[in-house]
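Okay, structure first, notes after.
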Amino acid sequence: MKVIRSIDNLRDELLQFNNQTIGYVPTMGFFHEGHLSLMNTARKETEIVVASIFVNPLQFGPHEDFEQYPRDEKRDLKLAKENGVDLLFMPDVNVMYPQESSITMQVVRRADVLCGRSRPGHFDGVVTVLTKLFNMIQPDKVYFGMKDAQQVAVVDGLITDLNFPIELVGLPTIREENGLAKSSRNVYLSEEETLEAKWLYRALINGRQLVVDGEKDPATIIDKVIQTIHQHTDGNIDYVELLSYPELQEVKLVNEQIILAIAVNFKRARLIDNLVFDKYGQIIERLK
Ligand code: AMP
């Protein structure tokens with residue numbers, strides 16, 4: 001595995017792989033099994049695997065955790081190597097943003113709901129950095145986790161609108177044994193909160209069960225999820241939403257593929273989770 005920190009080196013290295021298919025895994029590092037599953041799938045499905053670690057300041061709000069975002073470069077290098085990464089791109093902020101930008105990107109659909117509502121500008125930052133990274137790496141396939149399903153929906157819009165010749169893959173959320181979605185931010189949870197946090201997934205499962213049992217009314221399903229979270233955690237609910245997926249529009253009845261998604265604020269961590277399922281409650285784990 002080669003570790004690369006400059007764009008010139010990245011382009012030089014990529015030249016060698018002429019005509020081979022490239023699978024790309026963008027990340028912010030501090031790897032857990034969620035990241036590793038993306039790398040392993042890319043390894044199976046493409047000839048060359050490129051991963052990047054870049055904590056992108058543009059996608060953090062002024063009061064968010066950019067400075068504190070957990071980092072462990074040494075461990076990440078070892079894990080990337082063990083999980084089949086050929087090139088690991090780790091640029092500094094001044095490599096990615098050497099001067100003040102003359103262009104800004106704005107996401108105008110699929111970004112005014114869920115995390116986009118409570119994190120204004122977040123997805124603008126995500127599409128800006130991804131556009132740069134896609135141009136540098138020119139992958140054939142790009143791998144994202146459905147843990148961040150809104151990100152997958154927004155990137156789907158980016159790839160379509162800007163005609164990137166890239167296939168988008170959304171892979172299943174990897175969870176702890178108790179159901180808690182793995183996240184680099186889980187290290188911020190206290191011991192007690194870690195125990196409570198498993199109820200986020202259980203709340204989603206309770207909501208989905210209503211659909212399996214024939215419930216079609218979004219408000220009833222959302223209520224059940226809210227009730228479960230209130231009953232079992234001290235977290236503050238940021239949102240519980242049920243929307244069409246990937247369009248992320250409100251639905252009157254559950255009659256199509258939908259996302260049931262939650263965000264809950266604990267003392268030091270904001271946790272998100274979701275399930276995407278069809279009108280019968282059948283879970284869709286992988287997109288494409
Ligand atoms: P991050 O480093 O948090 O930006 O995440 C990098 C990629 O890993 C994104 O595509 C995430 O959706 C994905 N990811 C994060 N957590 C998980 C998880 N628990 N299961 C699957 N993918 C994940």
Side-chain angles (χ1 to χ4, degrees), residues 23-43 45 49-60 64-66 68-73 75-77 79-80 83 85 88-91 96 114-116 119 122-123 125-130 132-134 137 139 141-156 158-159 166-189 194 197-198 200-201 204 245-246 259 261-263 269-276 283-288:
Y24 171 42
V25 181
T27 82
M28 299 202 298
F30 208 69
F31 293 153
H32 51 67
E33 281 84 348
H35 300 107
L36 306 184
S37 103
L38 305 186
M39 294 170 195
N40 285 307
T41 306
R43 180 75 277 159
E45 296 183 354
V49 179
V50 179
S52 60
I53 299 178
F54 181 60
V55 183
N56 175 31
L58 248 55
Q59 69 191 66
F60 286 76
E64 294 183 358
D65 56 346
F66 174 69
Q68 289 84 40
Y69 196 82
R71 292 164 168 90
D72 190 342
E73 191 174 309
R75 180 171 171 273
D76 283 352
L77 290 187
L79 287 171
N83 287 274
V85 173
L88 180 62
F89 182 45
M90 304 179 64
M96 290 299 287
L114 308 174
C115 290
R119 302 184 71 188
H122 169 68
F123 287 110
V126 169
V127 296
T128 304
V129 78
L130 285 176
K132 290 164 74 74
L133 290 162
F134 289 173
I137 295 164
K141 289 176 99 166
V142 67
Y143 293 86
F144 287 91
M146 287 301 285
K147 152 99 184 336
D148 302 284
Q150 186 174 17
Q151 176 166 266
V152 174
V154 167
V155 175
D156 176 53
L158 172 71
I159 285 178
I166 301 174
E167 188 182 330
L168 170 65
V169 183
L171 293 180
T173 301
I174 305 294
R175 301 178 178 282
E176 304 287 355
E177 250 170 55
N178 66 11
L180 173 63
K182 300 223 180 205
S183 163
S184 306
R185 289 188 168 103
N186 288 351
V187 294
Y188 297 147
L189 295 171
T194 306
K198 65 172 182 251
L200 272 58
Y201 180 58
L204 292 171
Y245 191 85
I259 181 168
I262 55 187
R270 177 176 178 281
L271 299 189
I272 59 170
D273 202 349
N274 72 80
L275 290 176
V276 174
I283 294 181
I284 286 101
E285 287 205 299
R286 174 177 169 140
L287 280 194
K288 293 210 191 121

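Both ligands and their constituent atoms are indexed starting at 1 by order of listing.
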Full working for side chain to side chain donor-acceptor pair (under 3.5 Å) between Y24 and S52: CA-CA 8 Å; Y24 171 42; S52 60; 2.6 Å; yes

Begin from the C-alpha positions of Y188 and D65 and carry the test side chain to side chain donor-acceptor pair (under 3.5 Å) through to its verdict. CA-CA 11 Å; Y188 297 147; D65 56 346; 3.1 Å; yes

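Near ligand 1, P26, T27, M28, G29, H32, G34, H35, L38, Y69, F144, G145, K147, D148, Q151, P172, T173, I174, K182 each place a heavy atom less than 4.0 angstrom from the ligand.
Partners of S183 according to the side chain to side chain donor-acceptor pair (under 3.5 Å) rule, which considers only residues two or more places apart in sequence or in another chain, do not exist here. Scanning for side chain to side chain donor-acceptor pair (under 3.5 Å) contacts around N40 gives N83, with sequence neighbours left out. Taking the salt bridge (Lys or Arg N to Asp or Glu O under 4.0 Å) definition, one finds that R286 meets it with E45, sequence neighbours left out.
A pairwise comparison of heavy atoms in I166 and P139 identifies CG1-O, 3.4 Å as the closest pair.
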